[in-house]
Amino acid sequence: MLKLSGRRKRFESVEGLYEAIDRERRSADAAPPKALHARFDIEQAVVEGSVCYTLRPRANPSGVNLLYLHGGAHVAEMSRHHWHLVAELVALSGCTAHVPIYPLAPDFNHADAFRVVLAIYRERFEGLAPDGIVLMGDSSGGGLALALAQQLSARRLPQPRDIALISPWLDLTMSDPMLASLESQDPWLAIPGLAEAARLWSGGAALEDPILSPLNGPLDALGRISVFIGGKDLLMADCLRLRERARAIRRPAMVRAAEDDPRVAPASAAGRETGASPARRPASGCVA
């Protein structure tokens, strides 16, 4: 199980966010932990100036390729917790995982990140059958993953069969009326720091733009969407609205809430439900 890293203090104020960014940038190491090199074949490449790691299973590959986009409010780097999730997915499913270390705010913004992830997608996934592609992201990476899927559709690039979103941040305007009540329950996230992170990530673009808030973007031409979220997660509001939008256009989608876990996502369930492993559930037109 993955407990997303960090403390609520960093999000309770703008000052706390900048202190956390400064502290973590001095010590952050986005590379895979050394222990993973003993379990997987790991390759490193540079695409558009950013590193992309590829983890391959040493036995029983499934033939599925996974693009994983890490979370961290668009300001925090890939962490050991994220790597443990990726490692569990590869070990359980036999998929090959591609993990971009994409540009982050405040040094960069969403346009820089999209340039990188689109280039990686073209390089690694163009020409593959959609049935062999899974797109996954957690938290801010979940929002980035859904926005990327929408961009792929607009560019006529192959759409992933499955889009797995773990506690996704889908609306950077932070304007949902439910947020006030959800904020008091969430042990990790708070609105002031998130709002500042959204401003930094936007690069001056309107927060309502679907490339920043993919909840506002088209869902009709996308792969199957699966959402995994904790029962006390501030981002539950975004997920419920996504469910309603998907239901309105009768798109296959599923929202699974772990009511007894505030911010926990099971990697095994994500892999099983989204088809990161070859044994996957039948596609359905309903929204859970």
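Please read these numbers as outputs of a predicted model, since none were measured by experiment. Any value given below was found using the heavy atoms of this structure, including those in side chains, with hydrogens, waters and symmetry copies removed. For reference, positions follow the sequence shown, starting with 1.
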Please, which pairs that meet salt bridge (charged side-chain N to carboxylate O under 4.0 Å, His left out) have at least one residue in residues 187-206, sequence neighbours excluded? Glu196-Arg199

The ring pair (Phe, Tyr, Trp, His ring centres under 6.0 Å) partners of His98 (sequence neighbours excluded) come to Phe125

Between the side chain of Ser153 and the main-chain N/O of Gln150, is any donor-acceptor distance below 3.5 Å? no

Show me, pair by pair, the donor-acceptor contacts under 3.5 angstrom made by side chains of residues 115-122, not counting sequence neighbours?
residue : atom : partner : partner atom : Å
Arg115  : NE   : Glu48   : OE1          : 3.3
Arg115  : NH1  : Asp112  : OD1          : 3.4
Tyr121  : OH   : Pro158  : O            : 2.6

By ring pair (Phe, Tyr, Trp, His ring centres under 6.0 Å) - contacts of Tyr53 (at least two apart): Trp83

Just to verify, what does Asp22 make a salt bridge (Lys or Arg N to Asp or Glu O under 4.0 Å) with, not counting sequence neighbours? Arg26

Residues that Ala30 engages under side-chain contact (heavy atoms from CB on, under 4.5 Å), provided they are two or more places apart: Glu77, Met78, Ile101

Could you walk me through whether Leu235 and Ile229 pass side chain to side chain contact (heavy atoms under 4.5 Å, CB included), step by step? CA-CA 8 Å; Leu235 302 177; Ile229 189 162; 4.3 Å; yes

Among all residues two or more places apart in sequence or in another chain, which pass the side-chain hydrogen bond (donor to acceptor under 3.5 Å, both in side chains) test with Glu43? Arg56

Enter the distance from Met174:CE to Leu179:CG here, rounded to the nearest 0.5 Å. 5.0 Å

Roughly how far, to the nearest 0.5 Å, is the CG atom of Leu67 from the OG1 atom of Thr54? 9.5 Å

Could you list the donor-acceptor pairs under 3.5 angstrom formed between side-chain atoms of residues 208-216 and any protein atom two or more places apart in sequence or on another chain?
residue : atom : partner : partner atom : Å
Asp209  : OD1  : Ile211  : N            : 3.0
Ser213  : OG   : Leu172  : N            : 2.8
Ser213  : OG   : Leu207  : O            : 2.6
Asn216  : ND2  : Glu208  : O            : 2.9

Is there a donor-acceptor contact under 3.5 Å from the side chain of Asn109 to the main chain of Gly203? no

Using the side-chain hydrogen bond (donor to acceptor under 3.5 Å, both in side chains) criterion, which residues pair with Ser13? Sequence neighbours excluded. none

Arg247/Glu244 ion pair, N-O < 4.0 Å: yes

Contacts of Arg80 meeting side-chain contact (heavy atoms from CB on, under 4.5 Å) (sequence neighbours excluded), chain-then-number -> Pro33, His84

Just say parallel, tilted or perpendicular for the rings of Trp201 and His74, cut-offs at 30° and 60°. parallel

Out of the candidates Asp162, Val255, Leu146, only one should pair with Ile225 under the side-chain contact (heavy atoms from CB on, under 4.5 Å) rule; please name it. Leu146

Considering residues at least two apart in sequence or located in another chain, which fulfil the salt bridge (Lys or Arg N to Asp or Glu O under 4.0 Å) criterion with Arg58? Asp41

Does this structure show an ion pair linking Arg23 with Glu19, if we count only N-O contacts that are shorter than 4.0 Å? no

Leu148 CG to Leu222 CG distance, which is reported to the nearest 0.5 Å: 10.5 Å

Taking Ser140 for the side chain and Gly72 for the main chain, is one N or O donor matched with an acceptor at less than 3.5 Å? yes

Applying side-chain contact (heavy atoms from CB on, under 4.5 Å), can you list everything that pairs with Asp220, at least two apart in sequence or on another chain? Pro218, Ile249

Hydrophobic clusters here meaning ILVMFWY residues chained together by side-chain heavy-atom distances under 4.5 Å, can you tell me if Val51 and Phe108 are in one? no

